[in-house]
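Here the structure is laid out as structure tokens; the discussion comes afterwards.
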Amino acid sequence: MSSQGPELDGQYNPGQTEQRWADLWSQTPLFHASVNKDKEPFTVVIPPPNVTGILHMGHALNDTLQDILVRMKRMQGCEALWMPGTDHAGIATQNVVERQIAKEGLTRDQLGREKFIERVWQWKKDYGSTIIRQLKRLGASCDWQRERFTMDEGYSRAVTDVFVSLYEKGLIYQGDYIINWCPRCQTALSDEEAPHHDLEGKLYYIKYPLKQIPGKGRRISKTKKTKKDGFLFEDAVVVATTRPETMLGDTAVAVNPKDSRYKHLVGSTLVLPLIDREIRIIADPLVDSAFGTGCVKVTPAHDPNDYRMGQSHGLEFINIMRPDAVLNDHAGEYAGMDRFEAREAILEDLRERKLLLKVDAHAHAVGHCYRCHTIIEPYLSKQWFVSMKPLAKPALEAVKKGRIKFTPRRWTKVYLNWMEGIKDWCISRQIWWGHRLPVYYCRHCQEQANGLPEDRPSPGRKQKIREKAPHGVIVSRTRPQRCPECGATDLKQDPDVLDTWFSSWLWPFATFGWPFSQESAAGQEGVDEQKRDLAYFYPTNVLVTAPEIIFFWVARMIMAGCEFMKEIPFRDVVIHGTVRDEQGRKMSKSLGNSIDPLEVIETYGADALRFSLVSASASDIFLSKEKFEQGRNFANKIWNAARFILMNVSSEAGGEGIDARRLNVADAWILAELNGTVRKVTRATGAFRFHEAIQELYAFFWHSFCDWYLEIAKPSIAEKNTQEILVYVLKNSLLLLHPFMPFITEEISSKLPGADPGRSMAVSVWPKPVKAYDDKQAAGQMRAVFQSVFLLRERRHELKLSASAKLNVKVWAGEKKRRSFEQVLPVIRHLGQIENLQIMEEDIVPANSLSLFVEKDIHLYLLLEGLVDIAGEIRRLDQEILEVRKQIKGKEALLSNKGFVAKAPAPVVEGERKKLKELKISSERLTEIRRALQ
RNA sequence: GGGCGCAUAGCUCAGCUGGUUAGAGUGCUGCCCUCACAUGGCAGAGGUCGAAGGUUCAAGUCCUUCUGCGCCCACCA
């Protein structure tokens, strides 16, 4: 089976092998799943990577874990469907294409909306399949026939449908609110898309002069400081702010109503410095008296808190910025300056006027755009929102009642906390690439309605069926010909598109063709099939994803599933760790610290990549390139073990002809070990403890099978039963390993004697433990082998005997153990490189020998003909005796503890007693030998 | 300000519902190119399981507090 030249023999070269299988797999219907009433469905939907994406370590881990589950379930006889696809990723993709056209000296505005969208589609055609190709190279066993894209025609219909039905239910509304605005992407963002990061900012103390004090009606002319507080003036108040530039939009100053320092000032008028606007001092409980000076400047158009105060106090909302965060005409002489430039200019001017009293260092959290990392501007604008409270309710229940389970469990609380405090979701984006809002405006009606109160629910308002749309706003699944109100044909579609996640949240069912439009290209038959598919495969079983996606996607999918399917979208949510670099930083392109999984595949192989990632998947993964060597080495070990077996085994040995009556101890032991491994791997994988499963397999295959059994089997390799066992264990190991390392297992399995070239391991049957091979005795007998061989090797080292030097050994075993020990003597003779092995009838220490104490009632004596270093041997024995006595003391103390004897479970106490007894016998025997030496 | 996680061998990490002498990989030391594998084999050194209390017959494992890291959420400007 060696496919390399003889000089490379013995080294597995994954490169060609893996590519060959990847190509083959992607061309076969092997992973295609369809309704099969005789089988239980098992469904996983892939977290769709961005079309712009290239495979990074996060994907590699995420998709490997899914592949392991899907492959195992498929082998276990499930109709396993892994739904693949990509996400159109609105902002991210638009940014990529904008950069591309920028190279041609073009902007999207120059190109125009239609042309630009064409370019994006072209881009998608050219590069959109990159990540799919990479997933195939990783070995992902997705149903590639079902690949979906969130902008597919059918999928888009689902998005529109959902928007309209939520609108009709009163769960989608339009309104002017402060939202997170990215001045670079020039779009609104949801709260989740604007993560806060700490910044080293400053807190500026600015003096706002009073125009008059209420009740006194007099102008103040003199500046006079009051005694107690550095920031109390008779003729001014001092506000503390981190964003002095927004003062141009101030329309009030607020104090806490209980703040005695300022009580008398509430209602009085201030003159806003720099632009001399008169503003009032208001009282609002939102103000924290302990912070800063207790006086807050209120900028209703540029701060969420101030917005609320603006609403409750009927303040003016002055927007001082353009969408690109350059100050507008409301900013007076600062118009045209960027927000940070303006900050400096304003501070300068304040300083000049002696109004800037103090600057403190002040760390605070500031929102950043999750796409371009620009600092977010809280910005007042008209946007579309989803009322989340009603949707959250059933989604909350589903998790509380345990119908959906998070693994690890602790994420449950994170989910619940977020859901309980859920806020409305801003879904409109001012970009071009995405699902256009199915909203149309009739200018005529809107103009008519001007000045009339708007009919829309406010955020958080109770769910209510919308009776009447706002005037001139038409929300429709298809483009209306004319305005239903006035009949005008001059309708304009809303230019905005929807948040990408507004389509992703439908992924678990929209990928099946829901809501099954009759106009679907699939035709009636196709639609019927889609319906059957959805009924069969939904709800899906497991969703595997990263923690940062819980809010963006997981929570929203649960809400969408409950709302539109009336059924949860999945039963288990598996949250895996984050892949980080050696310093613990998240791997990212911008940091330049990422390890490219494709490079790893190139140098070490996809199996090695998968192995190493999964081994480390118990927590966050701190990666370095060296970690993949372990995977590569393991693959090599598997390769060579298989090579050895195939070189030595007749082509008749298929692993099914084991004669169970002719098993020797080692045979029985390895078969029992395999049973145990089958159980542990099946259980651990099923419980999503992937690292445990792979470590179990590693230990079994390398240490039990290769290190021990293979070595033991060598002398009897010509025997049929040995051959059958070797092939049997190899085959079953490969089956268990296949979900984890699909390539090498498929490759080897295709070369096994009698392999069916048309049958992939992917559709082989997952191993089950064979009861007849359970054997507890064999393990006990083998312990004597391990210990004997180990002691002989140890002595060989100490005595500086060569590894091949033949030894003369006498053994003695107590009556009870004699038969069982004699069975394993051939193994000990072989592995211990023993020339002469004699069984003694009585346990008498032979002359010129070293005694090896294997276990209770099993003693080995290494004959050395005058080579014995008596003094050294005495020293060694003394040490051993000391150690044993220490243990005896410990056990005695434990057993004389009345509490222990009374309260510990009987088997534990019994076990301790037995151990003590054995220790005592050992001690006696060692002492005897020690005495005999003198 | 809340919430969560981590701290175990030089390094990277396992250790499920408390019960042998705490494991793996890697690194280090020594001996081996023994006819599957030097991407290998054998042997060895290396741990007061972050600190202090507590519960228990019994604690790396459960509880409390503390220390040091890390993450998430939050409208103290």
Side-chain angles (χ1 to χ4, degrees), chain A residues 2 9-12 178 191 195-196 203 239-243 246 254 286-293 295-299 303-308 362 364-365 378 408 410-411 413-414 417-418 421 547-548 550-551 578 580 582 584 586 604 608 612 615-616 618-624 626-627 629-648 683-684 687 689 691-692 695 698-699 703 706-707 710-711 714 789-790 793-794 796-798 800-804 833 883 886-887 890-891 894 897-905 907-909 911-912 915:
Chain A
S2 67
D9 230 1
Q11 278 201 8
Y12 174 57
I178 295 261
D191 294 341
H196 286 68
L203 191 59
V239 300
T241 180
T242 53
R243 300 203 55 196
T246 62
L286 232 52
V287 180
D288 174 7
S289 311
F291 186 86
T293 61
C295 286
V296 190
K297 59 190 272 312
V298 181
T299 321
D303 182 279
N305 270 332
D306 295 4
Y307 174 83
R308 280 204 258 163
H362 181 69
H364 60 140
R410 70 187 130 92
W411 295 108
K413 211 166 139 190
V414 174
N417 281 349
W418 186 77
E548 60 265 30
I550 293 176
F551 307 143
T578 308
R580 301 172 184 283
E582 284 173 287
K586 209 168 141 177
Y604 299 108
S612 295
S615 304
S619 52
D620 278 5
I621 303 177
F622 294 71
L623 266 191
S624 62
E626 297 79 67
K627 293 225 166 132
E629 284 174 15
Q630 199 193 345
R632 177 201 57 183
N633 295 353
F634 187 42
N636 192 54
K637 191 73 180 178
I638 298 169
W639 179 258
N640 277 293
R643 207 162 65 100
F644 169 74
I645 291 168
L646 293 184
M647 275 176 356
N648 287 288
R683 194 166 354 116
R689 295 194 305 269
H691 67 286
E692 198 180 307
Q695 285 308 331
Y698 180 91
H703 296 132
C706 292
D707 287 351
L710 239 43
E711 292 307 321
K714 277 177 182 175
V789 172
F790 168 78
R793 282 171 179 165
E794 195 184 36
R796 202 184 275 278
H797 271 277
E798 281 172 11
K800 302 208 189 318
L801 295 173
S802 84
S804 53
Q833 302 265 44
E883 181 54 40
K886 215 170 84 188
Q887 287 185 36
K891 293 281 177 243
L894 183 62
N897 181 335
K898 279 178 194 155
F900 174 73
V901 179
K903 292 187 183 174
V908 175
V909 178
E912 293 297 330
K915 264 174 256 160

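Chain A is the first sequence line, chain B the second, and so forth, proteins listed ahead of strands; every chain is numbered from 1.
- Distance noted for atom P between B/rA7 and B/rU61: 11 Å (whole Å).
- Here the side chain of A/Thr242 is nearest to one of B/rA74, B/rA14, B/rA77, namely B/rA77.
- The cationic atom of A/Lys637 (NZ for Lys, CZ for Arg) does not lie both less than 6.0 Å from the six-membered ring centre of A/Tyr698 and within 45° of the ring axis.
- Between A/Asp707 atom CG and B/rC37 atom P the separation is 15 Å, expressed in whole Å.
- Atom P of nucleotide B/rC35 and atom CZ of A/Phe644 are separated by 12 Å, given to the nearest angstrom.
- A/Arg410 places its CZ atom 15 Å from the P atom of B/rC73, with the value rounded to the nearest Å.
- Between the side chain of A/Glu711 and the base of B/rA36, a donor-acceptor pair under 3.5 Å is found.
- Nucleic acid contact class of A/Asp288 (heavy atoms, under 4.0 Å, all strands): base.
- Taking a pair to require two hydrogen-bonding distances under 3.5 Å in either a Watson-Crick or a G-U wobble arrangement, B/rG5 pairs with B/rC69.
- Rounded to the nearest Å, the gap between the C1' atom of B/rG60 and that of B/rU48 is 12 Å.
- A distance of about 22 Å separates the P atoms of B/rA45 and B/rG40, rounded to the whole Å.
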What one-letter contact string describes nucleotides 16-29 of chain B from 5' to 3', where B marks a base within less than 4.0 Å of any protein heavy atom, S marks contact via sugar-phosphate atoms alone, and - marks no contact? ---BBS---S----
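- Of the candidates B/rA36, B/rA74, B/rC57, the closest approach to any side-chain atom of A/His196 belongs to B/rA74.
- Taking a pair to require two hydrogen-bonding distances under 3.5 Å in either a Watson-Crick or a G-U wobble arrangement, B/rC62 pairs with B/rG54.
- Look at CD1 on A/Ile638: it is 13 Å from P on B/rG40, rounded to the nearest Å.
- Residue-level contact check: A/Ala618 touches the backbone only, with heavy atoms under 4.0 Å from sugar-phosphate atoms and none from bases.
- Atom CZ in A/Phe790 sits about 6 Å away from atom P in B/rA43, given to the nearest Å.
- When distances are taken from the side chain of A/Asn305 to each of B/rG44, B/rC42, B/rC75, the shortest belongs to B/rC75.
- Note on A/Tyr307: nothing from the nucleic acid sits closer than 4.0 angstrom, heavy atoms only.
- Per the geometry, CG belonging to A/Asn640 stands 13 Å off C1' belonging to B/rG41, to the nearest Å.
- The CH2 atom of A/Trp639 sits 14 Å away from the P atom of B/rC37 (whole-angstrom rounding).
- Within the structure, a side-chain polar atom (N or O) of A/Ser619 is placed less than 4.0 Å from OP1 or OP2 of B/rA14.
- Considering only side-chain atoms of A/Phe551, the nucleotide from B/rC72, B/rU12, B/rA77 that sits closest is B/rC72.
- As judged by a 4.0 angstrom heavy-atom cut-off over every strand, A/Lys627 is placed among residues touching the sugar-phosphate backbone only.
- To the nearest angstrom, P of B/rG70 lies 13 Å from CG of A/Asp620.
- Using a 4.0 Å cut-off, some side-chain N or O of A/Lys413 falls inside it from OP1 or OP2 of B/rC4.
- Residue contacts shown for A/Leu710 include a base, since a base heavy atom lies under 4.0 Å away.
- A/Arg793 has a side-chain polar atom (N or O) that falls below the 4.0 Å cut-off from OP1 or OP2 of B/rA43.
- For B/rG1 and B/rC66, the P atoms lie 13 Å apart once the distance is rounded to whole Å.
- B/rA74: no Watson-Crick or G-U partner with both key distances under 3.5 Å is found in any strand.
- Comparing B/rU39 with B/rC33, their P atoms are spaced 16 Å from each other, to the whole Å.
- Residue A/Lys714 places at least one side-chain N or O under 4.0 Å from the OP1 or OP2 atom of B/rA36.
- For B/rA77, one of the phosphate oxygens OP1 or OP2 lies less than 4.0 angstrom from a side-chain nitrogen or oxygen of A/His362.
- A donor and an acceptor atom never sit less than 3.5 Å apart when one is taken from the side chain of A/Arg796 and the other from the base of B/rC31.
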